[in-house]
Amino acid sequence: MPLIDLANPTRFLALTQRLLPGLAVATALAFAAGLYLAWFVAPDDYQQGATVKIMFVHVPAAWLGMGIWALMSLSALGTLVWRHPLADVAAKTAAPIGAALTFVCLVTGALWGRPMWGTYWVWDARLTSVLVLFLMYLGVLALWRTVEDPARAGRAAAILTLVGAVNLPIIKFSVDWWNTLHQPASVLRLDGPALHSSIMTPLLVMALAFALLFVTLHVSAMRNEIMRRRVRTLRLMQAGAA
Amino acid sequence: MTALGPHAAFIVAAYAVAALVIVALILWVLADHRTQRRLLADLEARGITRRSERRRTEAA
Amino acid sequence: MGPLGALLLRDMRLSLRVGGGALMGVLFFLIVVTMIPFALGPDLALLQRIGPAILWLGALLASLLALDRLFAADHEDGSLDLILMGRTPLELAVLAKALAHWITTGLPLVVATPVLGLFLNLDLTAVGAVALTLAVGTPALTLIGLIGAALAVVLRRGGLLLPVLVLPLTIPVLIFGVSASNAAIVGPVPFGTPFLVLCALTLMSLVVGPLAAAAALRQGLD
């Protein structure tokens, strides 16, 4: 992440201007390669048939959903410890993208579950943990939407994010425990024996594509947020001058 | 296109939802960018310049 | 009596006197538990089976909803600024406030549990198990809710924001509280396993809650 070194939002804006076209092209290429591999190269699973293709969207979305919370936690540290001006811009703009990808993970999981389990939703440990993660994203978004002053909201959101980061592993552990208590045998294990490379390669390429997509979107959203704050400051100055 | 088997609708739906969400995100970012750029241009046209660069970064 | 003891007594006195709303939580608990048979039907066997879950959910909601005003009143009359400026570590002051809140709101819930257990057709072991798990678990709920209360006062927003932020964090407490109660009643796991995890969660929230709440107050109000 180059964000850490860039103390100055203006220099960050200049850098995004240069980086964004390349990032967008790289994302498009990675998606083209990933989709090609997923649809035309990857074999069907002997048990699940072609529905295994859903995994190539579902799993990268899940990885990013979790990874983005980790990124938000790092930014939260940047906000609270170093009071870095870009840190809460990064945290704020990551939240809606993280929520959207977690939502993709949930919906594709449900659409995968219907043919595999015969129902859209089971209170499976994994799905439930992701649902809780989604709810926590919505909580952070609700917090950002509640308060007008970005600095005040940023610090509060940073504390909530860090508390969430401490709690998420505990929630995961609790839900796993609760799940084994209520459903002894799981029908489908995504993390069973190691995935064959014919599945693994498309999965990794798709994960790369999703990661690039996130970086592109995140950098653009950060640029927008910096501009939004500039507009806000200019307006406040204008109101103060008038 | 490979054969999708009996559950084709679910596979297509999953990819469609993912594509829809991604497109929505991209459109949101682009629209937001356009709005902010217009607002900044408006402010600049009214003579409220960014001479205050230093003060702004401190306040941010 | 040190400053922490004084703060504890002051908060307890404030919540017990007229306008303090100490017993509001237990009243809410009573009403929620009374509503549930109207939704489910008066099937005593069913109520007995899900009784611990109902009592836990009721206690969870009651102890969280009562937290709304924990810091807000102090913020309005300025005493929160005094606490912030004082020489007592803010973490400990916040912990004292949480303790006072638990004694006036959480403890009555534990005491009321046997009565409500009768309504739900729970036998003696079940009532004992639920009361014991609530006695251990409600402090965790108060301490987790403390973070939400601090954020709410920093953001100057009350109402639904607090439960929206805090409820997901209480899921582990709910899981292990209900599991321990059920383990004591029907098994199959021994009571000790989930109960000890519940104790661990309470001890963890004893650290995380005051730290995060104090950080939120310091960051937000300076």
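Chain letters run A, B, ... following the sequence lines, proteins first and then strands; every chain starts at 1. All values reported here derive from a predicted model rather than from experimental measurement.
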Residue pairs fulfilling ring pair (Phe, Tyr, Trp, His ring centres under 6.0 Å) with at least one residue in residues 187-208 of chain C, sequence neighbours excluded: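 Counting only pairs at least two positions apart or across chains, the ring pair (Phe, Tyr, Trp, His ring centres under 6.0 Å) contacts touching residues 187-208 of chain C are Phe191(C)-Phe195(C).
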With only heavy atoms counted, which part of Leu80(A) is less than 4.5 Å from chain C, the side chain, the backbone, both or neither? both
State, yes or no, whether a side-chain contact exists between Arg83(A) and Gln219(C) at a heavy-atom distance under 4.5 Å. yes
Inspect the surroundings of CZ in Arg10(C) and state if more than 12 heavy atoms from other residues, nucleotides or ligands are less than 6.0 Å away.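 Enclosed: over 12 neighbouring heavy atoms sit under 6.0 Å from CZ of Arg10(C).
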Near Leu203(C) CG, under 6.0 Å, is it more than 12 heavy atoms from other residues, nucleotides or ligands? yes
When heavy-atom pairs shorter than 4.5 Å are enumerated against chain A, which of Leu169(C), Val173(C), Leu174(C), Leu201(C) gives the highest number? Leu169(C)
Determine whether a donor-acceptor pair (N or O, by modelled atom type, separation under 3.5 Å) exists between the side chain of Arg152(A) and the backbone of Leu155(C). no
Per-pair distances, 0.1 Å, donor-acceptor, side chain in residues 54-61 of chain C, under 3.5 Å, sequence neighbours excluded:
from     : atom 1 : to        : atom 2 : distance (Å)
Trp56(C) : NE1    : Thr133(C) : OG1    : 3.2

For Ile171(A) and Pro168(C), the nearest pair of non-hydrogen atoms, with its separation, is CD1-O, 3.5 Å
Heavy-atom closest pair (Leu165(C) atom, Gly139(A) atom, distance to 0.1 Å) is CD2-O, 3.3 Å
Which atoms of Val197(C) come close to chain A, meaning under 4.5 Å heavy atom to heavy atom: side chain ones, backbone ones, both, or neither?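 Side chain only.
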Over 60° means perpendicular and under 30° means parallel, so classify the ring planes of Phe176(C) and Phe173(A), tilted if in between.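 Judged by the thresholds at 30° and 60°, the geometry between Phe173(A) and Phe176(C) is parallel.
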Which distance, rounded to the nearest 0.5 Å, do you find between the NZ of Lys172(A) and the CD1 of Ile171(C)?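 If I round to the nearest 0.5 Å, the distance is 13.0 Å.
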Let's test your reading of the structure: which of Thr146(A), Asn167(A), Val163(A) forms the most heavy-atom pairs below 4.5 Å with chain C? Thr146(A)
Scored by heavy-atom pairs under 4.5 Å with chain C, the best of Val166(A), Ile170(A), Leu138(A) is Ile170(A)
